[in-house]
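As the structure lists them, so they are numbered: ligands from 1, and atoms in each ligand from 1.
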Amino acid sequence: MGLTLAEKILSHKAGREARAEELVVVEVDQVMVVDSIAGSFFRRLEYLEATPRYPERVSIVIDHVAPAANLEVAKAQKEIREWGHKHGIRVFDVGRGVCHQVLIEEGLAQPGWIVVGSDSHSTTYGAVGAFGTGMGATDIALAAASGRTWLRVPESVKVAFRGRLPQGVTAKDAALEMVRLLTAEGATYMAVEIHLTEGAEALGRGERMTLANLTVEAGAKAGLVVPSGEILDLYRVPEWLYPDPDARYVREVEIDLSRLTPRVSVPFYVDNVHEVAEVWGKRVDQVFIGTCTNGRLEDLRAAAEVLKGRKVAPGVRLLVIPASSQVLEEAARDGTLLTLLEAGATIGTPGCGPCMGRHMGVLAPGEVCVSTSNRNFRGRMGAPEAEIYLASPRVAAASAVAGYLTTPEELEGSHA
Ligand SMILES: CC(C)[C@H](C(=O)O)[C@@H](O)C(=O)O
Ligand code: SF4
């Protein structure tokens, strides 16, 4: 019986064949720590009387509340900078961007690597064929101190996307459809192994990041996209990395991209996914385009395409937070930013922005937000009585113009 991608990576690192359910101790290629968890991470290391074993394999990103929103956060971020300086640890400071986007841009996730992060969406690194997984502060501190971690080799669910996305349908719609089919707990502690075939290989790195990012919303330990297409041009992919044709999966799911329509995840559960048509007309107060799910240049461009020559509806706030400084720079250079500004968008510092409700863009009771992020839990962006609808940047942009949930195609229709 052949090996899955997760089994391949963990076997390679363990130096022996390791199959689902076995325990392995493996070297970690990169440890990622986010600002909100950094304090607990430092305290754990102090308790262990340890420092990072391989400083170059640790990165700290100040992204969740950046710039600092209050005195407490400012003190915590000061400690991050001082600690990083003292121990020779890379710190990506305010404005550099969302941790997952930054690590990918910096080449700190590579095919076949193991990347552990103090953030649940560390599954995103699977976009480039890395085993990325989120852990708590204690496990992260131990990984930094020892350079290793232990894992139970996960079982794998195979999700095969085939065909090409129709015009106006995006990787976000595909990702939401995947979570709907798997359900919120359907892949708990499993690796979601994503295969792209019959044209789906054309999905680029950013689109693969969106897919791998959402796997954790089905409970996945890791989300691994089998390297193909653009990834083969951008990375050196080791031959041993490919899953075997006779690998064993606990479940196999197929999604035909060519038949997909725009989707929206309806509060308060990510797997409560519907066609936009089913919730069309829902009044909107705020639209948020950004995050590790959909804050890349292609996402901003998709929004700008819809917003060009149009204005955000009166009374609606459109917040656009580029996922990284690189995205912001490129959007400034190619005119995307001006289109967004002319339409009435507010641009924020690259980072997580209002995704987690900790600062800027907090929702008041009764308010409705269309967001390109990955979570719509009750209270996620502020008031428990606020509602978050998750959608693609195109749908988000169209909804900002209309003032209610809609698609760019519907918007065209209403203008005709
Ligand atoms: C702050 C961080 C630990 C958290 C996570 O683990 O995902 C956040 O990024 C989120 O999206 O809810
Ligand atoms: S952008 Fe949102 S989902 Fe992504 S790491 Fe930040 S808070 Fe978490």
Find all atoms of ligand 1 within a distance of less than 4.0 Å from any non-hydrogen atom belonging to [X], and give their numbers and elements.
X: Arg375; value: 7 (O), 10 (C), 11 (O), 12 (O)
X: His64; value: 1 (C), 2 (C), 8 (C), 9 (O)
X: His121; value: 7 (O), 11 (O)

Hey, does [Y] have a side-chain heavy atom less than 4.5 Å from the side chain of [X]?
X: Ser373; Y: Leu390; answer: yes
X: Arg205; Y: Val128; answer: yes
X: Arg375; Y: His121; answer: yes
X: Arg90; Y: Glu106; answer: no
X: Pro322; Y: Ile347; answer: yes
X: Ser265; Y: Val179; answer: no

* **Part of Arg380 within contact of ligand 2 (heavy atoms, under 4.0 Å)** =>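 Under 4.0 Å from ligand 2, Arg380 contributes side-chain atoms alone.
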* side-chain hydrogen bond (donor to acceptor under 3.5 Å, both in side chains) assessment of Thr138 paired with Arg44 -> CA-CA 6 Å; Thr138 305; Arg44 303 293 196 281; 2.8 Å; yes
* Looking at ligand 1, does Ser118 have a heavy atom less than 4.0 Å from it? ->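 Distance cut 4.0 Å: Ser118 passes for ligand 1.
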* Kindly state whether the ring of Phe41 and the ring of Trp83 have centres lying under 6.0 angstrom apart. => yes
* To do: Identify, for atom 12 (O) of ligand 1, the protein heavy atom at the shortest distance, and state residue, atom and that distance.
  => Arg380 NH1, 2.7 Å
* Taking atom 4 (C) of ligand 1 as the reference point, the nearest protein heavy atom with its distance -> Asp119 OD2, 3.6 Å
* Asked: Where the closest heavy atom to atom 5 (C) of ligand 1 is concerned, which of Ser36, Ser120, Gly357 has it?
  ->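 Selected option, by shortest heavy-atom distance: Ser120.
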* Passes side chain to side chain contact (heavy atoms under 4.5 Å, CB included), Val159 versus Leu211? Steps please. -> CA-CA 11 Å; Val159 178; Leu211 294 176; over 6 Å; no
* Count, waters excluded, of protein N, O or S atoms under 2.8 Å from atom 6 (Fe) of ligand 2 ->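 My tally for this metal is 1.
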* Enumerated ligand 2 atoms positioned under 4.0 Å from heavy atoms of Asn374 -> 3 (S)
* Asked: What do you reckon, is CZ of Arg81 surrounded by more than 12 foreign heavy atoms closer than 6.0 Å?
  ->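 Count over threshold, so yes.
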